[in-house]
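Here is the naming used below: chain letters follow the sequence lines, and residue numbers restart at 1 for every chain. This structure is a prediction, so every number in the text was calculated from the model and none was measured.
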Amino acid sequence: MLKISNLHAGIEDTEILRGINLSIDAGEVHAIMGPNGSGKSTLASVLAGRDQYEVTEGSVDFLGQDLLDMAPDARAHAGLFLAFQYPVEIPGVSNSYFLRAGVNAVREARGLEELDAIDFLKLAKAKAKELDMDEKFLSRAVNEGFSGGEKKRNEIFQMAVLDPKLAVLDETDSGLDIDALRVVADGVNRLRNKDRGFLVITHYQRLLNYIVPDHVHVLHQGRIVKSGGKELALELEEKGYGWVEELAGAAS
Amino acid sequence: MNTEHFATKFNEFADGRDDAVQTLRRRAIDRFRALGFPTRREEEWAYTDVSPIANLTLPLGRPTTNLLASADAQSLGLGRGLVFVDGHFRADLSHVPSGVTFLSLKDALEQNPDLVGARLAKFADAETQPFTALNTAFLEDGAFLHVPKGTRIEEPLYVLYVGTEKSVYPRNLFMIDDGAEATLVEQYVSHGEAAHFTNSVTETIVGANASFVHHRLQTENDHALHVTATHIHQDRDSRLTNSVATVGGRLVRNNLRAALDGEGIVTTLNGVSLTRDAQHVDNHTWLEHRKPHCDSHELYKGILGDQSSSVFSGYIHVFPDAQKTDAKQSSSNLLLSNEAVADSKPQLEIYADDVKCTHGATIGQLDEDALFYLRARGVRAPEARKLLVRAFASEVTNQIEIEPVREHINNLIAERLPDEID
Ligand SMILES: Nc1ncnc2c1ncn2[C@@H]1O[C@H](COP(=O)(O)OP(=O)(O)OP(=O)(O)O)[C@@H](O)[C@H]1O
Ligand SMILES: [Mg+2]
């Protein structure tokens, strides 16, 4: 469903992604690991359409469409979802109002009928319950005053409501205690099915015990320097990112 | 400048009149001629050029009879109440609630000259303020509200001013006696697309332990010129809220002066404006903290597109006696265009030593991160911008407790949001 070919992207004169190749098929879970600053979030942002990054080379095909040619909202309509590493606080905009606007835009693009306020609330409350969230947060401003863990949960909540085809999770596990981690992982696992793909960015093998990936990739200085099965995550945890340096040396 | 045009109009208007306020008018036109229109060389007018007003040759608004039908008036107004067309009361379009002294000033002057005369023009300064002098010279009609001692009016009262293509001088007098409570919504709208000029003066007297909430909506057409002066006098333990929403008009200047003349007063002043094209909106406030233990909160927010401009100037004077004053003032502006200009000028003069006075001013653009976040969830760009602008305004609009009024302002802001955003 997603095919990234030789993707180069950066900001101003600095190249951050330096030739990424990655294919994700429907039903697969891919994990990306890599040291700080290796370009994981940049990749996620470029996929979601953040225009501060300039794509200088390469292409991304998403379900037969040229992803890079689409506006961020159009990407969401096509079924892409990004759970932000740092979810944004938006004072004055309520969670439910904002998410209903998003859901209905996505539904409209898919030829589905709009959800009215009541149906939306029903759906939202059901999903909130699954994620063990106090439904009061629906009327609060988007992420404002949320704890780190609540913000991450809110991302997974939004994912569940938006029902995407491909979800990119950028360090959704960071800053979560073990209970919250389980709730979030369960939330993701509930959505796993043969039609949906996941790209899970993480530093920790811990998450991958709960969300077991089909493929693991190691990103280093804007390139994927090694790919493997779930055992690669274990190996990485054991040997540390120093090992990645060596791999990268060998690869270039 | 063209003061003579206004003097000539005055002679046409005033000749042959000999009602109770004629002396007031004559004195005022003399003051106006002596003062002339303010120029940008004067500090209080440094950011606002009034020459479009000074050069006006519009005819003076006359009483109308068949202009506008009742249905039109109702569709223009958010609630049923007093309706004025071209500055003159239209009984046929108005709904005067029973059990309240809420009527046209002209009628009130005839019916109860002592009550009105005792208060009229006691606080509005026609001696040094040219626009107040001009308004007083043409003083004839406006809204009059008197809420007697201890009376509480539950339902909001509505005043609708419809402008067409004239110069009009509405004069309002609101008297909220001791322990009384009322909420009033004052709307200024246009009928048609022609330029018209409104120069209004409002005197508000809030008695001890009384409460008055006053919303003013300026939603005139893009050619309208509008200068207002609001003079507030508050007695001890009273609460007053004045909020102004400006989403129309080519040139709008609001002067607001409040005297906090007793202990334990709370004064809340709010403003929100959306400007686009070459619109200019200027809010000037002057607060006098005369006595101890009073709070004032001022929050003015501007949303600016295109080449529009806005001004906020807030002057706070804390008298030597006014210990424990708590004055908070803030203005913030959201620039949607690189060509828009927002000026903000706090001025504090504090003569008491045990006070808390704060002011803050911010200028920013739409938060790119927030915009991207919303879009990444599927919200289309124009809708996402509207959401963020609405959120910016909500700090002010959410304080409006009357839902139709709040939603009307929110909707107007969303509708009039410029398409071009840098
Ligand atoms: N907006 C930006 N402006 C300047 N430099 C940037 C910007 N975004 C990313 N970079 C740089 O690009 C590199 C990759 O950043 P990125 O956030 O993608 O890393 P990451 O792999 O997600 O790191 P982490 O594990 O810390 O989240 C870093 O050196 C970072 O400083
Ligand atoms: Mg990152």
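Listed options A:Asp73, A:Asn143, A:Val88, A:Leu162 were ranked by heavy-atom pairs under 4.5 angstrom with chain B; first place goes to A:Asp73. Between chain B and the options A:Met159, A:Glu155, A:Gln52, heavy-atom pairs under 4.5 Å are most frequent for A:Glu155. Comparing B:Ala393, B:Ser394, B:Ala384, B:Ala376 by heavy-atom pairs within less than 4.5 Å of chain A, the highest count is held by B:Ala376. Heavy-atom pairs under 4.5 Å with chain B peak, among A:Val103, A:Val93, A:Val106, at A:Val93.
For the side chain to side chain contact (heavy atoms under 4.5 Å, CB included) criterion with B:Leu336, the lone passing option out of B:Leu417, B:Asp306, B:Thr275, B:Leu304 is B:Leu417.
Note on ring orientation: taking the six-membered ring where Trp is involved, the planes of A:His217 and A:His30 are parallel (angle under 30°, cut-offs 30° and 60°). Using the six-membered ring where Trp is involved, B:Tyr300 and B:Phe312 have ring planes that are parallel, under 30° apart on the 30 and 60° scheme.
Crowding of B:Glu155 atom CD: a count of heavy atoms from other residues, nucleotides or ligands under 6.0 Å not exceeding 12. For A:Phe146, the CZ atom is densely surrounded, since the number of other residues' heavy atoms within 6.0 Å is greater than 12.
For A:Tyr86, no part lies under 4.5 angstrom from a heavy atom of chain B. The contact between A:Glu108 and chain B is made entirely by side chain atoms (from C-beta outward), counting heavy-atom distances below 4.5 Å. Contact annotation for A:Arg50: both backbone and side-chain heavy atoms come within less than 4.5 Å of a heavy atom of chain B. Looking at A:Asn104, neither its backbone nor its side chain comes within 4.5 Å of chain B, counting heavy atoms on both sides. Heavy-atom distances place both the backbone and the side chain of A:Phe98 under 4.5 Å from chain B. If you measure heavy-atom distances from A:Pro87 to chain B, the contacts under 4.5 Å come from both the backbone and the side chain.
Both cation-pi conditions hold for B:Arg390 and A:Tyr97: the charged atom is under 6.0 angstrom from the six-membered ring centre and inside a 45 degree cone around its axis.
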*For the pair B:Asn255 and B:Trp286, evaluate side chain to side chain contact (heavy atoms under 4.5 Å, CB included) and give the outcome as yes or no after the intermediate values.*
CA-CA 8 Å; B:Asn255 294 318; B:Trp286 289 263; 3.7 Å; yes
